[in-house]
Amino acid sequence: MAFTNYSSLNRAQLTFEYLHTNSTTHEFLFGALAELVDNARDADATRIDIYTVPREDLRGGFMLCFLDDGTGMDPSEAASVIQFGRSSKRTPESIQIGQYGNGLKSGSMRIGKDFILFTKKDDTMTCLFMSRTFHEEEGIDEVIVPLPTWNSKTCEPLTDNMEKFAIETELICKYSPFHSQKDVMEQFHKITGESGTLVIIFNLKLMDSGEPELDVVSDAKDIQMAGTPPEGMKPERHSFRAYAAVLYIDPRMRIFIHNHKVQTKRLSCCLYKPRMYKYTSNRFKTRAEQEVKKAEHMAKIAEEKAREAESKARAMESRLGDDLSRESRAALRQVQNAAITIRREADVKKRIKEAKQRALKEPKELNFIFGVNIEQRELDGMFVYNCSRLIKMYEKVGPQLEGGAACGGVLGVVDVPYLVLEPTHNKQDFADAKEYKHLLKAMGEHLAQYWKDIGIAEKGIAKFWDEFGYISANWNQPPSSELRYKRRRAMEIPTTIQCDLCLKWRTLPFQLSAVNKEYPNTWVCRMNSDVEQDKCEAPELKQKLPIGVLKKEVVTQEEKKKHLSEKIKLQQEKLEALEKISTVRSSADIKKLPLEISTRPSEPPVPSSRSLRPKSPPLPAVLKEVKPPPTPSPRISNAVKKTDSLRVQNSERASTSRAHSQPTAIKTNNTTKNISKIVPTVKSSPSISKPSFLQPTRSSKPTLLSSPNLKSSKFVPAKKPVRSKSPVITSVRKRTSQQIVVEEDEEEEDIVSTPKPEKPKRSKPADMKELNEVEVKQAKASISDSHVSLEPLKRTDSPDADVLVSTKAAQKDKGLHVEVRVNKEWFTGRVTAVESGKLGVRWKVKFDYVPTDTTPRDRWVG
């Protein structure tokens, strides 16, 4: 058959939206089947039958059929089916599921290679045939779709082109399972009513094993996924009967699989202690505003196209004038029909714009419904619907994500309108992942509130589940099948069932005889034992749900401070416990300490009998004492706690005696809680006096680093250094990467200096105290070469830099190795210049390292 013979046949119209509508695929096979169920529901069908017909001559061995009693399609409506990406359902008043005009094609082609559609409406019978097998064998690139039509009463062809009709029927008989017109008519006769649609999919897709993806043999009442389901798989992902039962939030269509009725569910009626929470969000308004802008733009473009088409029709009509030839009239009619069609589309887009503008002013409110699934507690999570159609199921939120017993067994249900969240084209997810994540977070907060409201945790979670027959400790184990437990569960959840005539939902009174009762495929209102609900004329009773309110906890400043102090106390206790049982001998010991360390000074421990020695005297008073602020008595800036003595043999000085290691103090940043430096404390002579604090001032000059309670106070340094004849610490010299040697001298100024490592003292005066050594690890790699000051340190109160230097005479600070904090990061360097003024002292520091070339290597601080 030559390709030119197909020139008069219909072709699939690929619109611009096609690229977007076909951008997603049906990874979930039941989602593809659900697309055809959605079409029946949108066609106002009251019943759909899903069944298979064995055909060994076809790939897969059977045909999959979907037969509904909906409104059907006339020839023009059937022709619109092959227009990819265009849907007549997309109107402002529509509450239908279909929005993209792609579900039938994408769903059918996911299941098999070919499908044929039979539909009846208004005394017409139309057949639509879309076959990839036909195109492959004929070698045709265009999408050709045969679309013949008959009169439903006389079975005569309805066409003005018999040649086209003959080609279409010939292709159907050649490539479809129905090889004669008689076979085709038999399919129409399966639509028993005046209207309806039958879709048959054949040449099914196969797995790598050569078997079909769908298993229709294992269970005669079901369609299942092929293969054994893995452990933990939800029943809705393995059984299409289970999936179809919860496919719609408010089912109004009866679904039959292999002539057995699916007991559809309204999930909110199947839960123990259901409760509803109302939720509104400003995010929904943002989404609506975007939709309004989009609708306004589309309406404007459509209006311009309609005006252009109408202008073209009027111009052609005036040009033809009195020309009444057949060709002229046909051309004019064609242009006028096109203008009418474009005007209709413009009117639809205008109504969409107006409807969205009205919707923008309306509050966007969602209803969260939660309840406990006492029938199968392992099946918990959130069911998210869009326009009444299931999109996501068993989504864990809030406390359920933690994996504990809290909120276990709780199901949640929410129906999200299209203007709030837009589903993807396969209806298995939402297009806006950020908005969907926000929705789940809100559901998690309300779920936690529901768990508090029902009070299961207060009464005892294990006791609660035992009451309903969950005796096993295994959470996934089903409940006991004993009659007493079945009755207990049935008492809490009344049976709801749908009438086959009026499609209303009825709640049946509890009866012991109804436990384990299987209801027939056909159930009507008169079978109800409730006399008020035993007639189809009786109104359907709405489910009465208690309303819950989300109670957000308001944390006061006092509560925050209390929580913080408790956290600090807990961390301090952990540190003290570690110090009691651990000795800091190496860097590995330091890593074992907790990162969050409180700077609260600890009480000095009682010295052990083997290391008794005099108490350390107070540090020298180098600053003029003034009246301190009303705070606790000052202490050295870092908490000092004695650990077990460390005996370290000095490898360089064999003549010296063994020295006891001194207690270590850990300096932490009160904001970041990270270890900044480890400073050893040193014994000194009893004649040294304790330093005093300076009076607070508003100056932003260097401040004395004091205890954590005084970190916000600001101090002015003394104008002149105070000298003392008392023995003081004169140097701190680094010996190794893990060892610091501390030396003392009697007659020196009351300052701390840091001599260069390359000129260490090799001798010790006779009156000098015994050397003290301690193994420490610097907390930052960047300050591994820096010396550690043992006196109270000064800190600048500059907004971008803090400097730690020893409190000594200003001009003698030159060459001092210091640590500078810039933008919350510590850098090492040396003081190259010092300026003294009325308000204080400034130091010019040359950094050893800067992170970028643009960062100045020299900086004034102070």
Side-chain angles (χ1 to χ4, degrees), residues 1 5-13 36 39-40 42-51 53 55 58 63-83 88 101 104-105 108 112 114-135 138 140 142-203 337:
M1 187 177 294
N5 291 341
Y6 307 145
S7 59
S8 60
L9 271 59
N10 297 74
R11 284 161 171 75
Q13 303 298 314
L36 285 90
N39 288 337
D42 286 346
D44 297 327
T46 62
R47 172 172 177 154
I48 182 171
D49 284 86
I50 306 170
Y51 60 95
V53 177
R55 285 292 296 264
L58 299 175
M63 301 185 300
L64 184 61
C65 308
F66 298 81
L67 174 63
D68 69 69
D69 61 351
T71 57
M73 292 179 283
D74 58 28
S76 61
E77 290 172 332
S80 66
V81 169
I82 61 177
Q83 295 183 357
S88 59
L104 174 63
K105 282 83 70 176
S108 299
D114 313 291
F115 81 88
I116 186 169
L117 179 148
F118 304 90
T119 184
K120 291 172 60 176
K121 184 180 181 180
D122 299 334
D123 297 334
T124 62
M125 299 186 302
T126 305
C127 177
L128 185 150
F129 181 48
M130 184 174 286
S131 171
R132 290 162 62 186
T133 303
F134 156 58
H135 289 81
E138 297 280 345
I140 303 173
E142 290 184 281
V143 182
I144 296 176
V145 183
L147 196 67
T149 303
W150 293 266
N151 185 294
S152 60
K153 294 181 179 179
T154 63
C155 297
E156 295 294 328
L158 292 177
T159 180
D160 54 359
N161 188 341
M162 286 303 298
E163 181 180 359
K164 174 186 174 183
F165 182 85
I167 296 174
E168 290 176 327
T169 54
E170 183 178 354
L171 287 175
I172 291 173
C173 293
K174 181 177 182 180
Y175 291 103
S176 79
F178 314 109
H179 303 307
S180 65
Q181 185 170 341
K182 179 182 177 181
D183 293 339
V184 172
M185 290 298 112
E186 286 180 357
Q187 307 311 311
F188 282 116
H189 294 158
K190 292 180 181 179
I191 306 174
T192 56
E194 295 182 355
S195 63
T197 301
L198 171 63
V199 179
I200 300 175
I201 304 172
F202 54 99
N203 287 331
N337 290 338

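None of these values were measured; they are calculated from a predicted model. Position 1 is the first residue of the sequence, and the numbers go up from there. For the numbers below, each heavy atom of this structure counts, side chains included, while hydrogens, waters and symmetry mates do not.
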Mutual orientation of the aromatic rings belonging to F134 and Y175 [parallel < 30°, tilted 30-60°, perpendicular > 60°]:
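Tilted, since the angle between the ring planes falls between 30° and 60°.
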Looking at every non-hydrogen atom in both residues, tell me the closest pair between [X] and [Y] and how far apart they are.
| X | Y | value |
| --- | --- | --- |
| F188 | K120 | O-CD, 3.8 Å |
| F115 | S108 | CD2-CB, 3.6 Å |
| S152 | D123 | OG-CA, 2.9 Å |
| D74 | K121 | N-CD, 3.8 Å |
| A40 | I48 | CB-CD1, 3.7 Å |
| L104 | N39 | CB-ND2, 3.6 Å |

[atom2] on [Y] to [atom1] on [X], rounded to 0.5 Å:
| X | Y | atom1 | atom2 | answer |
| --- | --- | --- | --- | --- |
| I50 | L36 | CD1 | CG | 8.5 Å |
| L171 | E138 | CG | CD | 7.0 Å |
| I144 | E142 | CD1 | CD | 6.0 Å |
| I191 | L67 | CD1 | CG | 6.5 Å |
| I200 | Q187 | CD1 | CD | 4.5 Å |
| M130 | S176 | CE | OG | 14.5 Å |

Has the side chain of [X] got a donor or acceptor atom that lies under 3.5 Å from a matching backbone atom of [Y]?
| X | Y | value |
| --- | --- | --- |
| S195 | G70 | yes |
| H179 | C173 | yes |
| D68 | R47 | no |

pair [X]-[Y]: side-chain heavy atoms closer than 4.5 Å:
| X | Y | answer |
| --- | --- | --- |
| C127 | L117 | no |
| E168 | T159 | no |
| L147 | T126 | yes |
| T169 | Q181 | no |
| T197 | F66 | no |
| F118 | M125 | no |
| I172 | I116 | yes |
| L158 | T124 | yes |

Using the benzene-type ring in the case of Trp, are the ring centres of F165 and W150 under 6.0 Å apart?
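Ring centres of W150 and F165 closer than 6.0 Å.
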Walk me through it: do C65 and V53 pass the test side chain to side chain contact (heavy atoms under 4.5 Å, CB included)?
CA-CA 8 Å; C65 308; V53 177; 3.9 Å; yes
With a 6.0 Å cut-off (strictly less than), is the heavy-atom count around CD of E77, excluding the residue itself, greater than 12?
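Counting other residues, nucleotides and ligands, CD of E77 exceeds 12 neighbours.
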Would you check if there is a donor-acceptor pair between the side chains of D114 and T133 at a distance under 3.5 Å?
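Yes - a donor-acceptor pair under 3.5 Å links their side chains.
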